[in-house]
Amino acid sequence: MNTERTYAQFLDEQDDLLGFRDEFHLPYGTIYFDGNSLGLLSKQAADSLEKLLDSWKRHAIDGWTEDVEPWFYLSEKLGKMTAPLVGARMEEVIVTGSTTTNLHQLVSSFYKPHGKKTKILADALNFPSDIYALKSQLKLKGYDPNEHLIQVQSSDGNTLNTADIIKAMTDDVALIMLPGVLYRSGQILDMKTLTREAHKRGIVIGFDLCHSIGSIPHHLSDWGVDFAFWCNYKHLNGGPGCVAGLYVNKKHFGNEPGLAGWFSSSKETQFDMSHTLTAAEDAGAYQIGTPHVLSAAPLLGSLKVFQEAGIDRVRNKSLQLTKYMMELIEVELKDYQFTIANPKDDAVRGGHIYLEHTEAARICKALKADKVIPDFRTPNGIRLAPVALYNTFEEVWETVQILKTIMQEERYKKYENKRGVIA
Ligand SMILES: *Cc1c(COP(=O)(O)O)cnc(C)c1O
């Protein structure tokens with residue numbers, strides 16, 4: 001292991017994605033390793049938002065149809081642009097809603113308890129919003145979540161075992177909802193195998209791709225996944241509160257959405273204003289109301305950046321960055337009781353590093369004081385996401401050096417070991 005700064009610089013020189021760094025607005029004087037919580041603004045995204053504002057100025061109501069980017073078809077267009085990132089057919093993806101509302105939409109459409117199949121299978125490590133939503137979906141159908149929500153447990157507190165999940169696919173399960181990449185440990189679940197095993201047992205399966213989209217390639221259509229959803233403000237850099245996305249496998253087209261609205265309509269009949277819905281014959285049917293056009297506009301630019309870079313190159317560099325970071329941590333921080341709690345294997349390691357330490361909350365504060373932006377995950381986790389499109393190997397090197405100094409000089413002791421309101 002070469003621990004010299006010059007080696008990091010050498011790796012940056014070899015990096016064919018390095019040019020993309022200039023496409024982004026980097027927070028001045030900081031090393032930003034939080035792109036898995038809120039991705040940075042690209043110049044192309046800023047430009048597409050400004051163009052949209054300009055079209056509102058110039059066209060007013062006619063912007064729905066007359067703009068070069070007619071707002072009426074924007075959700076569909078962005079869906080097509082997103083499709084390659086999830087490995088779906090273009091008509092299987094739509095940009096709409098938020099992660100949590102899309103979960104509600106899809107579970108209300110796909111969860112059809114019948115006979116003894118009444119339960120929903122999830123996991124014990126997922127993000128709280130997903131679990132709250134699943135419990136409320138059960139209650140809406142008249143079921144007690146304490147009995148009808150099964151959460152597969154983790155044996156080490158950070159990762160899930162494929163065999164344990166498959167074992168939990170019992171006869172009484174109607175629907176399975178799992179993350180593609182776990183938000184804390186960054187573990188990639190084996191979506192292909194899980195889908196195959198669910199289908200063998202007649203169970204519908206969907207994934208939350210919040211932490212996997214824009215970070216790893218997916219093949220949802222080939223795997224036969226029934227549905228999926230994600231946010232666009234993490235690795236996809238669509239901006240705070242950006243409109244989210246969803247995928248529905250073509251084999252389910254033609255069904256009515258669980259939560260209908262006039263934007264569920266086929267485009268041709270929407271303005272007939274009939275009280276009988278003719279739902280769109282593609283993923284567009286899962287839209288509800290008028291799209292949040294201004295919050296979707298940055299995606300036009302940021303998805304273009306992904307088209308130019310290509311998700312395979314992004315993944316390849318991401319793996320190199322996280323591997324390099326783990327190797328440096330193992331050498332440089334060996335005396336300071338950090339545990340690398342993300343999976344180390346390339347096949348199951350997502351786009352961020354997850355360190356555990358009993359002083360994690362205040363180590364994060366010390367990092368921020370030194371202009372490195374991590375995020376803290378309660379109770380004892382530090383997430384560091386070196387993002388392929390805008391972070392460098394030298395930033396990884398510097399961060400590990402800064403962490404080492406913080407530990408050597410016990411600088412974290414200046415702070416309370418407690419999280420802030422947002423952490
Ligand atoms: C980020 C994230 C969310 C956020 O949901 P919103 O509706 O966008 O607030 C939900 N689930 C997971 C797994 C996430 O990582």
Side-chain angles (χ1 to χ4, degrees), residues 33-40 75 78 82 85-86 94-108 120-137 149 151-152 154 158-160 165 175-189 191 194 205-216 218 220 225 227-247 259 286-289 291-292 294-296 298-299 302 342 349-354 374-378 381 383-385 387 421-423:
F33 278 163
D34 205 7
N36 61 334
S37 273
L38 179 68
L40 293 182
S75 312
L78 291 170
T82 309
L85 295 177
V86 293
I94 191 84
V95 165
T96 187
S98 70
T99 309
T100 312
T101 59
N102 288 346
L103 187 169
H104 275 294
Q105 169 66 296
L106 292 163
V107 173
S108 74
I120 293 181
L121 176 60
D123 68 283
L125 300 179
N126 207 340
F127 196 79
S129 199
D130 298 48
I131 300 301
Y132 302 162
L134 290 177
K135 287 183 180 173
S136 67
Q137 285 293 327
L149 180 65
Q151 289 182 267
V152 178
S154 160
N158 284 318
T159 58
L160 297 168
I165 303 173
L175 178 138
I176 302 171
M177 210 232 81
L178 294 164
V181 165
L182 300 188
Y183 80 102
R184 261 183 238 265
S185 69
Q187 179 195 7
I188 304 175
L189 294 193
M191 292 178 257
L194 293 168
I205 185 164
F207 292 97
D208 178 335
L209 307 182
C210 278
H211 276 276
S212 59
I213 193 162
S215 170
I216 64 168
H218 304 75
L220 299 183
V225 171
F227 66 90
F229 54 92
W230 53 86
C231 65
N232 284 319
Y233 51 76
K234 291 173 180 163
H235 287 279
L236 287 189
N237 313 316
C242 182
V243 179
L246 65 80
Y247 149 93
L259 307 175
Y286 295 84
Q287 297 176 88
I288 303 174
H292 304 168
L294 291 178
S295 301
L299 271 183
S302 62
N342 55 273
R349 185 172 84 250
H352 65 261
I353 293 301
Y354 189 59
D375 69 11
F376 169 68
R377 281 297 171 260
T378 194
R383 288 195 312 193
L384 295 165
V387 172
V421 177
I422 294 182

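If you read the sequence from its start, that first residue is 1, and numbering goes on from there. Just follow the structure's listing: the first ligand is 1, and inside any ligand the first atom is 1.
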Who are the salt bridge (charged side-chain N to carboxylate O under 4.0 Å, His left out) partners of R184, not counting sequence neighbours?
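R184: no salt bridge (charged side-chain N to carboxylate O under 4.0 Å, His left out) contacts found.
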
What heavy-atom pair brings [X] and [Y] nearest, and what distance separates the two atoms?
{"X": "I176", "Y": "F227", "result": "O-CZ, 4.3 Å"}
{"X": "G180", "Y": "L209", "result": "CA-CD2, 4.3 Å"}
{"X": "H104", "Y": "S136", "result": "CE1-OG, 3.1 Å"}

Any heavy-atom pair between the side chains of D123 and I165 that's under 4.5 Å?
no

Measuring from each atom of ligand 1, which residues have a heavy atom under 4.0 Å away?
S98, T99, T100, N126, F127, D130, D208, C210, H211, Y233, K234

Say whether, by atom type as modelled, one donor and one acceptor occur between the side chain of H218 and the main chain of I216 under 3.5 angstrom.
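Side chain of H218 to backbone of I216: a pair is present.
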
